[in-house]
Number of protein chains: 2
Amino acid sequence: MAGRENKQAFVSLATNNGYALGALVLGHSLRSVNTNRQLALMITQEVDSQVRQELLGIWDRLIVVDVLDSEDSANLALLQRPDLGITFTKLHAWKLVEYEKCVFLDADTLVLQNVDDLFNRPEISAAPDIGWPDCFNSGVFVFVPSIQTHEALIAHALAVGSFDGGDQGLLNSYFNNWLHLGPEHRLPFVYNLHSNSSYTYSPAFKRFGNDVKIVHFIGRKKPWQYTVNLETGKVIHDHGIISVTSSERFIQQWWDVYNEIAAHRITVVDQVPRVRPQGSFDQTLLQIGSDSEDSEYSESDSIHELETLTGRFRTQDDQHGPHNFIIAPVIPHLH
Amino acid sequence: MAGRENKQAFVSLATNNGYALGALVLGHSLRSVNTNRQLALMITQEVDSQVRQELLGIWDRLIVVDVLDSEDSANLALLQRPDLGITFTKLHAWKLVEYEKCVFLDADTLVLQNVDDLFNRPEISAAPDIGWPDCFNSGVFVFVPSIQTHEALIAHALAVGSFDGGDQGLLNSYFNNWLHLGPEHRLPFVYNLHSNSSYTYSPAFKRFGNDVKIVHFIGRKKPWQYTVNLETGKVIHDHGIISVTSSERFIQQWWDVYNEIAAHRITVVDQVPRVRPQGSFDQTLLQIGSDSEDSEYSESDSIHELETLTGRFRTQDDQHGPHNFIIAPVIPHLH
C-alpha cells in the first residue's frame with residue numbers, strides 16, 4: 001500500500017503569493033486530516049522564493065510551471081493565444097506522470113475531513129457547479145496524469161477554446177460526457193462545497209452541512225483578503241460584526257489553520273513574538289494579501305509580493321482609510 | 001402507441017388562482033410544443049370555478065384534491081401535523097394510477113421545447129437543485145403513480161417530516177439514493193432551468209441556453225405578478241426598463257403565451273375588445289395576480305380571487321402609487 005500511496009498525490013496550483021498562502025493553508029489542512037498521499041504543488045515564477053521555502057515545509061514537492069517553459073509542440077500556437085495561458089498552466093497537472101492518480105484541489109479550498117477515498121474514483125470525477133450543474137466545478141477533481149491526455153487537452157484548447165475563458169470551460173468541453181457518466185464520476189457536493197451555499201438553500205445546508213469535507217471559497221474575496229483581530233484570532237467582517245453564519249464560519253476556519261501555521265513558524269523558526277499579542281495590541285488587526293479583488297490566476301500580481309510576506313496592520317478605527325502601517329515585532333513572518 | 005400515450009400524463013398542481021394562471025400558461029405551452037400525452041391538473045378548492053372552466057379548455061382533466069378529503073389511514077395522524085398539509089397535496093400525484101407514468105411540472109414552469117422524451121425515464125428522474133445539487137429540484141420530475149408509493153410517502157412524511165418544510169425536502173428524503181442512481185435518473189439542467197441561472201454562470205448560459213426546454217420560475221416573484229404594457233405586450237420591470245437579460249426574457253416568454261391565450265379567449269369566446277388596445281391605451285399596463293409575494297402553496301390566498309379574474313390596470317406614471325383602477329372594456333376575462 002505504501003508504494004501505491006506514493007504513486008498518488010493531491011495537486012494544487014499557486015500562481016501568485018496570495019494563492020500561495022491558500023496553498024499553505026490547504027496543505028496544512030490536508031496534513032491535519034492525516035492524508036497518506038503525496039502533496040504536490042505547482043507554482044509559477046510569481047511565487048516569491050521565501051514563500052516557496054514556507055510551502056516546502058508542508059508540501060512534499062514544488063513544481064515550477066510556466067506555459068512558455070513547456071517543450072511540447074503546442075508552444076508555437078500558444079504564443080498566438082495568450083488568453084489561454086492561464087488555462088494551460090493548470091493543464092500541466094496532467095504531466096505529473098510520476099503519479100498514477102491525482103486529486104486536484106484549487107488553492108482556495110480547505111479540507112475539513114480526510115478525503116483519501118477520492119483516489120478510488122475514476123477520471124474524471126467532480127462535483128456539479130451550482131451555476132450550471134450539468135457542468136462540473138473544476139476546483140476539485142480526480143484525474144489520471146498522462147502525456148497523451150495533456151496533449152489532447154492542449155489541442156482541444158487550441159481548436160475549441162474555453163467557453164468561460166478559464167480551465168473550467170475547457171475541461172467541461174473536453175470531458176463533455178461527464179453528465180452522462182455513472183454516479184462514481186459525480187462527487188457529492190460536500191467534496192466541493194461552495195462556501196456561500198449556506199445562503200442559497202439553507203435547509204439543505206442545515207441537514208447536510210456537518211458532512212462537509214472540502215470547502216471551496218469561490219467568491220472573489222478570498223479568505224486571505226479578510227482582516228483578522230490578532231488578539232482573538234477572529235475574522236473582522238465588513239459590517240464590523242463577526243456573524244455566526246456558515247459562510248463566515250468557513251472563513252474563520254481557514255484563518256484558524258493559518259494562525260496555527262503562523263504561530264508555529266514564529267515560535268519555532270523565527271523566534272519572534274507571538275502572533276496574538278496581549279494588552280496594547282487588543283485593537284490590532286491583521287490582514288494579509290490585498291484588499292483588491294484580484295483575479296484567480298492573475299499573472300501580474302505585484303501588489304501581493306510585499307504585503308503577503310510582511311502582513312499588514314491597522315487599527316480598528318482605521319478600517320475605512322488607506323493609512324496602513326507595519327508593526328515589525330508582530331509581523332507573522334512566513335519565511 | 002396511442003393507448004400508451006393515454007396512459008402517460010403531464011401533471012401539475014394549482015393551489016390558488018395565481019398558480020392556476022401559471023397552470024393555464026404551462027398547459028398552453030405543452031400544447032404548443034405538440035405533446036401527445038395527457039394533461040392532468042390537480043387543483044384545490046381555492047381555485048375559483050370560473051378559472052376551472054378556463055383550465056378545462058387546455059388541460060384534459062382537472063382533479064380536485066384536498067388533504068382532508070383523502071380516505072387513507074394517514075388522515076388521523078395528518079390532522080395533528082397541519083404543517084405537512086401542503087406537502088401532502090402534491091403527493092396526491094402518486095394516486096393518479098390511471099396513468100402508468102407521469103411527469104410532474106410545477107405550475108411556475110414554462111415548456112419551450114417538446115419534452116415527451118421524459119417519459120422514457122424511470123422514477124425518480126429529476127434535475128439537480130442549484131442550491132444543493134446533491135438534492136434534486138422537485139419542480140420537474142418523472143414518477144410512476146402507485147398507491148403503495150403514495151402510502152409510503154405519507155408514512156415517511158409522518159415519521160421523518162420534511163427538512164425544508166416543503167415537498168422537495170420530503171421527496172429528497174424519501175428518494176435519498178437519487179445521487180447514487182445512474183445517469184438516466186439525472187435530468188439535464190435544461191429540463192428544469194432555474195430562471196435566474198443566466199446570472200450565476202453566464203458563460204455556461206450563453207453556451208447551453210439555446211437548448212433550454214423547461215424554464216422554472218423559482219423566484220418569489222412569479223411571472224403573473226409582473227406588470228405588462230397592453231399596447232406592446234411587453235413586461236415592465238421594476239427599474240422601468242425592459243432589459244434584454246435572459247431572466248427577463250423568460251418572463252416575457254411567459255407573458256407572450258399568456259397574451260396569446262387571453263387574446264384568443266376574448267376574441268373567440270367572450271366577444272369583447274382585444275387585450276391590446278390602440279390609441280388612448282398606449283400607456284395602459286396590465287398586471288394580473290397580486291404584488292404581494294405569496295408563498296408557493298398558500299392555502300389562504302383570497303387576494304388573488306378577484307384580481308386574477310378581472311385583471312388590474314394602472315397608468316405608467318402611477319407605478320409607485322397604490323391608485324389602481326379597473327377599465328372594464330379591456331379586461332382580459334378568463335371566463
Side-chain angles (χ1 to χ4, degrees), chain A residues 87 121 126-138 160-173 176-194 196-213 216 218-219 246, chain B residues 87 121 126-138 160-173 176-194 196-213 216 218-219 246:
Chain A
T87 298
R121 302 259 184 176
D129 188 274
I130 56 170
W132 193 273
D134 287 359
C135 293
F136 57 86
N137 182 283
S138 64
V160 180
S162 167
F163 67 77
D164 68 357
D167 61 276
Q168 182 160 308
L170 171 63
L171 293 175
N172 273 278
S173 176
N176 66 354
N177 62 336
W178 172 78
L179 180 66
H180 308 291
L181 296 175
E184 67 276 16
H185 290 270
R186 181 170 303 271
L187 300 185
F189 191 47
V190 290
Y191 285 87
N192 187 355
L193 181 93
H194 301 14
N196 58 355
S197 295
S198 55
Y199 300 117
T200 47
Y201 188 17
S202 57
F205 183 81
K206 285 177 187 163
R207 173 69 178 271
F208 305 111
N210 286 335
D211 299 329
V212 174
K213 296 172 188 296
H216 187 185
I218 59 167
S246 44
Chain B
T87 299
R121 302 261 184 175
D129 187 274
I130 57 170
W132 193 272
D134 287 358
C135 292
F136 57 86
N137 182 283
S138 64
V160 179
S162 167
F163 67 77
D164 67 357
D167 62 277
Q168 181 160 307
L170 171 63
L171 292 174
N172 274 278
S173 176
N176 66 353
N177 63 334
W178 173 78
L179 180 65
H180 308 291
L181 296 175
E184 68 276 16
H185 290 270
R186 182 171 302 271
L187 300 184
F189 191 46
V190 290
Y191 285 87
N192 187 356
L193 180 93
H194 301 14
N196 58 354
S197 296
S198 55
Y199 300 116
T200 46
Y201 188 17
S202 57
F205 183 81
K206 285 177 188 162
R207 173 71 179 270
F208 305 112
N210 286 335
D211 298 329
V212 174
K213 296 173 188 295
H216 188 184
I218 59 166
S246 45

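Residue numbers begin at 1 in each chain, while the letters A, B, ... track the order of the sequences. Below, each value reflects all heavy atoms present in this structure, side chains not excepted, and no hydrogens, waters or symmetry copies.
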**Student:** Identify the heavy atoms of B:G169 and A:Y201 that sit nearest to each other, and give their distance.
**Tutor:**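 Heavy-atom minimum between the residues: N-OH, 4.3 Å.
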
**Student:** Could you pull out the closest heavy-atom pair between B:L179 and A:P183, with the gap in Å?
**Tutor:**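 The pair with the smallest heavy-atom distance is O-CB, 3.9 Å.
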
**Student:** As an exercise: rank B:S173, B:G182, B:G131 by heavy-atom pairs under 4.5 Å with chain A and give me the winner.
**Tutor:**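 Top option by heavy-atom pairs under 4.5 Å: B:G131.
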
**Student:** So which residue, A:I130, A:L181, A:D129, A:V190, ends up with the most heavy-atom pairs under 4.5 Å with chain B?
**Tutor:**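 Heavy-atom pair counts peak at A:I130.
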
**Student:** Can you tell if the side chain of B:F208 reaches within under 4.5 Å of the side chain of A:D134, non-hydrogen atoms only?
**Tutor:**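 No. Closest side-chain heavy atoms not under 4.5 Å.
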
**Student:** Given that the side chain runs from C-beta out, which part of B:L193 has a heavy atom under 4.5 Å from chain A: side chain, backbone, both or neither?
**Tutor:**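 Contact with chain A involves the side chain of B:L193 alone.
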
**Student:** Check this for me: A:N177, atom CG, are more than 12 non-hydrogen atoms of other residues, nucleotides or ligands nearer than 6.0 Å?
**Tutor:**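 More than 12 heavy atoms, drawn from other residues, nucleotides or ligands, come within 6.0 Å of this atom.
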
**Student:** Keeping the roles fixed (side chain from B:D164, backbone from A:P203), state whether a donor-acceptor pair exists under 3.5 Å.
**Tutor:**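 A pair under 3.5 Å: no.
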
**Student:** Tell me, out of B:H185, B:Q168, B:K206, who's got the most heavy-atom pairs with chain A below 4.5 Å.
**Tutor:**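 Most pairs with chain A among the choices: B:Q168.
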
